[in-house]
Asks: 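Sending over a structure as structure tokens; questions will come in a sec.
Since we're looking at a predicted model, the values are computed, not measured.
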Amino acid sequence: MRLFSSDLARNFSIGFVIGTLLVAGANAHEWSEEISPPAHAAVMAKAPQPSAEFVILPESAR
């Protein structure tokens, strides 16, 4: 018997694939909680505008 025969490699690869699917299936419900819908940007707030009493007029306009 050879150490790395094609049957041995095939059985290991099939076992690895089945094991991966079992682990992924066991953790699938946890992944759905971490996946969230895409983010939406908030409405941009307007910057406060200066009121008329704080406007400095040039000397020529007075």
Side-chain angles (χ1 to χ4, degrees):
M1 181 177 148
R2 295 185 328 201
L3 185 59
F4 293 110
S5 68
S6 61
D7 291 337
L8 181 66
R10 183 176 58 231
N11 289 336
F12 271 112
S13 62
I14 291 171
F16 182 78
V17 169
I18 291 173
T20 302
L21 291 174
L22 286 173
V23 170
N27 292 324
H29 65 88
E30 294 175 9
W31 294 336
S32 63
E33 296 169 359
E34 293 178 8
I35 299 173
S36 60
H40 298 285
V43 177
M44 190 170 181
K46 290 188 175 184
Q49 300 297 318
S51 63
E53 59 191 26
F54 293 111
V55 174
I56 301 174
L57 296 175
E59 290 291 328
S60 61
R62 290 184 194 180

Asks: Can you name the side chain to side chain contact (heavy atoms under 4.5 Å, CB included) partners of Ile18, sequence neighbours left out?
Replies: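 By the side chain to side chain contact (heavy atoms under 4.5 Å, CB included) rule, Ile18 matches Ile14, Leu22.
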Asks: Should side-chain heavy atoms under 4.5 Å link Ile, Leu, Val, Met, Phe, Trp and Tyr, which residues sit in the same cluster as Val43?
Replies: none
Asks: Which residues, ordered by chain and number, are linked to Met44 in its hydrophobic cluster, where ILVMFWY side chains connect at heavy-atom gaps below 4.5 Å, directly or through other members?
Replies: none
Asks: Sorted by first residue and then second, give each salt bridge (Lys or Arg N to Asp or Glu O under 4.0 Å) pair with at least one member in residues 7-16; sequence neighbours left out.
Replies: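 As it turns out, the salt bridge (Lys or Arg N to Asp or Glu O under 4.0 Å) pairs with a partner in residues 7-16, which skip direct neighbours, are Asp7-Arg10.
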